[in-house]
Number of protein chains: 2
Amino acid sequence: MDEVFKALADESRRMLLDRLHARNGQTLGELCDGLEMTRQAVTKHLGILEGANLIATVKRGREKLHYLNPVPIHEIGVRWIGKFEVQRLDVLAELKRNLEQKDQIP
Amino acid sequence: MDEVFKALADESRRMLLDRLHARNGQTLGELCDGLEMTRQAVTKHLGILEGANLIATVKRGREKLHYLNPVPIHEIGVRWIGKFEVQRLDVLAELKRNLEQKDQIP
DNA sequence: TTTACATGCAACCATATGGTTGCCTATTTT
DNA sequence: AAAATAGGCAACCATATGGTTGCATGTAAA
């Protein structure tokens, strides 16, 4: 889980996931197109994403195809965000209540 | 958005959010209890969480109370995870299809 | 079988990050 | 007022991170 959060912490990596989300199964070269980064930098990012199990790769001839794996992101949603969602409005109400209470203690 | 992801990337910070989730409105000292970290380290983490708008603070006398703000986490769920959720099963099916297709090209 | 193409590997570099220590300030409590 | 409590500030340190360059390797096309 920690690896997933760490992988998602970088804007370049989130952008790579967005690209794969737009079109799955792209090669390294395709994923590099139009980026202001060397191919090696992209390779490292993809390695980190793969290490976090956020993408899976398949070698086809001399190319390497990259596929998005949304499962870990789904798990973040279920196991982490869900937990904080439940009490969303409640907490905001409580926060407001406490902030107002503060003014009553000089 | 980037700050939120960065803030969530650290295990210690996620743990602090968990603690506030368990009991909201704790002081710095309370949040430090039982942690193998100096108070100053915790202060820094809380500063980053506050910078990402994940917590709000209120000074009460010589204490500082910390409140969880679940809104940014909610936004991650809506604007980012949702996007990858929709196609979850579709993508897994496609991935499997492509992996199998690979074997047909020696 | 050369030549071109797609990717891999490794060393290196600057900055970001998480943590520490030491000291200062502001409230309580005695 | 003095002592204790809660927190803030700043300098410093080691390691992690994101990036680069240079060269090596495997595969496809001429």
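Numbered from 1 within each chain, the chains take letters A, B, ... in sequence-line order.
- A:Ile81 and B:Met1 end up in the same hydrophobic cluster when Ile, Leu, Val, Met, Phe, Trp and Tyr side chains are linked at under 4.5 Å.
- Under the rule for a salt bridge (Lys or Arg N to Asp or Glu O under 4.0 Å), the partners of B:Asp2 that lie at least two apart in sequence or sit in another chain are A:Arg14, B:Lys6.
- The NZ atom of A:Lys59 sits 6 Å away from the P atom of C:dG8 (whole-angstrom rounding).
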Quiz prompt | Under 4.0 Å protein heavy-atom contact, by nucleotide of nucleotides 13-23 of chain C - B base, S sugar-phosphate only | solution = ----SSBBBB-
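- We find that CG of B:Leu28 is positioned 16 Å from P of C:dT27, with the value rounded to whole Å.
- The side-chain hydrogen bond (donor to acceptor under 3.5 Å, both in side chains) test applied to B:His45 returns B:Arg13, not counting sequence neighbours.
- One interatomic measurement links the two molecules: NZ of B:Lys64 to P of C:dA26, which rounds to 15 Å at whole-angstrom precision.
- In this view, A:Glu50 and A:Thr57 satisfy the side-chain hydrogen bond (donor to acceptor under 3.5 Å, both in side chains) rule, not counting sequence neighbours.
- Each of A:Val42 and B:Thr43 was matched to the nucleotide of DNA chain D holding its nearest heavy atom; the match closer to the 5' end belongs to B:Thr43.
- If you measure from atom CZ of A:Arg62 to atom P of D:dT27, you get 11 Å, rounded to the nearest angstrom.
- An angle of 20°, rounded to 10°, separates the two end axes of the helix from C:dT1-D:dA30 to C:dT30-D:dA1, each defined over five pairs.
- Taking the six-membered ring for Trp and the full ring otherwise, B:His74 and A:Phe84 have centroids separated by 6.0 Å or more.
- Atom P of nucleotide D:dT27 and atom CG of A:Leu65 are separated by 14 Å, given to the nearest angstrom.
- Rounding to the nearest 0.5 Å gives a distance of 10.0 Å between CD of B:Gln26 and NE2 of B:His66.
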Please tabulate, one pair per line, all N/O donor-acceptor pairs under 3.5 Å involving side-chain atoms of residues 28-40 of chain B, not counting sequence neighbours.
{"from": "B:Glu30", "atom 1": "OE1", "to": "B:Thr27", "atom 2": "N", "distance (Å)": "2.8"}
{"from": "B:Thr38", "atom 1": "OG1", "to": "B:Ala41", "atom 2": "N", "distance (Å)": "3.3"}

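- Residue B:Leu46 contributes atom CG, which lies 16 Å from atom P of D:dA6 at whole-angstrom precision.
- Counting only distance, with no hydrogens or angles, the side chain of B:Asn24 and the backbone of B:Leu68 share a donor-acceptor pair below 3.5 Å.
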